[in-house]
Amino acid sequence: VQLQASGGGVAHAGDSLRLSCAASGILLTDYAIGWFRQAPGKEREGVACISVSDGITYYADSVKGRLTISGDYVKVGVKLDIQNLQPEDAAVYYCAARTYDGRYIHTAFDSKDYTYWGQGTQVTVSS
C-alpha cells in the first residue's frame with residue numbers, strides 16, 4: 001500500500017493551492033482518506049476527510065469554507081484544495097487511509113484510526 005502526497009510548495013497568503021494524494025495497493029472505495037497537517041511545534045491535526053465510495057466529506061471547524069476535499073479519479077486518489085491561504089496553513093500535510101464501512105465517521109480526525117500514511121508535503125505561506 002502506498003499513499004503519495006504531492007502539490008506542496010511556497011505560496012503567498014491569499015493564494016490557492018491544490019494537494020494531491022495518489023493511492024495504490026488498496027481498493028479506494030473501501031477506505032476513507034484523511035488529510036492531516038503538522039506545523040512546527042504543534043500537534044498534528046486532521047483537517048479534512050472523504051469517504052471515496054459515497055463522497056461524504058468531513059472538515060475541521062478551523063478550515064471549514066476554505067478547504068475542499070474531493071476524489072481524484074484520474075490519479076486514483078484524493079485532492080485537497082486550499083483557498084485563501086493563511087499563515088496558519090503552513091505545515092507539512094499528510095494523507096492517510098482508514099477502512100470505511102459505510103457508516104458516519106465520528107472520529108474522522110483521530111489519527112489512531114488511520115492505517116496507512118503517506119509521506120508529507122510541505123506547504124509554506126509567505127506574506
Side-chain angles (χ1 to χ4, degrees):
V1 177
Q2 189 173 25
L3 299 175
Q4 183 77 32
S6 62
V10 180
H12 292 97
D15 285 352
S16 297
L17 196 66
R18 170 171 287 178
L19 305 182
S20 294
C21 177
S24 60
I26 58 173
L27 185 60
L28 210 54
T29 50
D30 289 343
Y31 288 82
I33 304 296
W35 281 97
F36 292 76
R37 68 186 184 186
Q38 188 166 21
K42 294 188 177 181
E43 292 188 357
R44 182 169 51 190
E45 64 168 339
V47 292
C49 174
I50 184 169
S51 49
V52 180
S53 60
D54 51 26
I56 295 176
T57 57
Y58 308 78
Y59 295 99
D61 289 340
S62 61
V63 301
K64 204 169 289 185
R66 294 196 302 111
L67 269 60
T68 304
I69 189 171
S70 59
D72 185 344
Y73 303 104
V74 174
K75 295 183 178 180
V76 188
V78 167
K79 299 175 288 187
L80 181 69
D81 290 306
I82 308 173
Q83 290 86 37
N84 189 21
L85 273 165
Q86 299 297 305
E88 57 265 31
D89 294 325
V92 178
Y93 283 73
Y94 302 89
C95 59
R98 58 180 291 166
T99 54
Y100 178 60
D101 61 5
R103 294 181 293 179
Y104 183 84
I105 305 173
H106 293 279
T107 59
F109 301 129
D110 190 339
S111 60
K112 297 190 299 295
D113 291 337
Y114 286 79
T115 305
Y116 305 110
W117 289 82
Q119 91 298 348
T121 186
Q122 175 76 52
V123 172
T124 302
V125 181
S126 63
S127 57

*Assess whether side chain to side chain contact (heavy atoms under 4.5 Å, CB included) is satisfied between Ile56 and Ile50, documenting all intermediate values.*
CA-CA 6 Å; Ile56 295 176; Ile50 184 169; over 6 Å; no
Applying the 4.5 Å side-chain criterion to the ILVMFWY set and letting contacts propagate, would [X] and [Y] be lumped into a single cluster?
X: Val78; Y: Val123; value: yes
X: Val52; Y: Tyr31; value: yes
X: Ile26; Y: Ile69; value: yes
X: Val47; Y: Phe109; value: no
X: Tyr114; Y: Leu80; value: no

Look up atom [atom1] in [X] and atom [atom2] in [Y], then write down how far apart they are to the nearest 0.5 Å.
X: Arg18; Y: Thr68; atom1: CZ; atom2: OG1; answer: 9.5 Å
X: Asp110; Y: Cys49; atom1: CG; atom2: SG; answer: 11.5 Å
X: Ile82; Y: Leu85; atom1: CD1; atom2: CG; answer: 5.5 Å
X: Arg103; Y: Ser51; atom1: CZ; atom2: OG; answer: 13.0 Å
X: Glu88; Y: Lys42; atom1: CD; atom2: NZ; answer: 7.5 Å
X: Lys112; Y: Thr115; atom1: NZ; atom2: OG1; answer: 13.0 Å

List the atom of [X], the atom of [Y], and the distance in Å for their closest heavy-atom pair.
X: Thr29; Y: Ser53; result: O-CB, 3.4 Å
X: Val10; Y: Ser126; result: CG1-OG, 4.4 Å
X: Gln122; Y: Val92; result: OE1-CG2, 3.2 Å
X: Ala23; Y: Leu3; result: CB-CD2, 3.5 Å
X: Ile33; Y: Ala97; result: CD1-CB, 3.6 Å
X: Ala32; Y: Ile105; result: CB-CD1, 3.6 Å

*Does Arg66 have any side-chain hydrogen bond (donor to acceptor under 3.5 Å, both in side chains) partners at least two apart in sequence or in another chain, and if so, which?*
Asp89
*asked:* Quick one, Cys21 with Trp35, criterion side chain to side chain contact (heavy atoms under 4.5 Å, CB included). Give me CA distance, side-chain angles, the key distance, then yes/no.
replied: CA-CA 9 Å; Cys21 177; Trp35 281 97; 3.5 Å; yes
*Step by step, would you call Thr121 with Tyr94 a side chain to side chain contact (heavy atoms under 4.5 Å, CB included)?*
CA-CA 7 Å; Thr121 186; Tyr94 302 89; over 6 Å; no
*Can you label the angle between the Phe36 ring and the Trp117 ring as parallel, tilted or perpendicular, going by 30° and 60°?*
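Phe36 and Trp117: tilted rings.
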_Is a donor from one side chain sitting under 3.5 angstrom from an acceptor on the other, for Asp81 and Gln83?_
no
*Lys79 with Asp72: basic N within carboxylate O range, under 4.0 Å*: no
*asked:* Is it the case that the side chain of Gln119 and the backbone of Ala5 share a donor-acceptor pair, with hydrogens and angles ignored and the cut-off at 3.5 Å?
replied: yes
*Report the C-alpha distance between Tyr104 and Tyr58 in whole Å, list the side-chain angles of each, state the deciding distance to 0.1 Å, and finish with yes or no for ring pair (Phe, Tyr, Trp, His ring centres under 6.0 Å).*
CA-CA 10 Å; Tyr104 183 84; Tyr58 308 78; 5.1 Å; yes
*Decide yes or no on side chain to side chain contact (heavy atoms under 4.5 Å, CB included) for Glu45 and Ser111, but give the supporting numbers first.*
CA-CA 8 Å; Glu45 64 168 339; Ser111 60; over 6 Å; no
*Does Arg44 have any salt bridge (Lys or Arg N to Asp or Glu O under 4.0 Å) partners at least two apart in sequence or in another chain, and if so, which?*
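Counting only residues at least two positions away or on another chain, Arg44 forms no salt bridge (Lys or Arg N to Asp or Glu O under 4.0 Å).
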*Do the numbers put Arg37 on top of the ring of Tyr93, so that NZ or CZ is under 6.0 Å from the six-membered ring centre and no more than 45° off the axis?*
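Pair Arg37/Tyr93 does not count as cation-pi.
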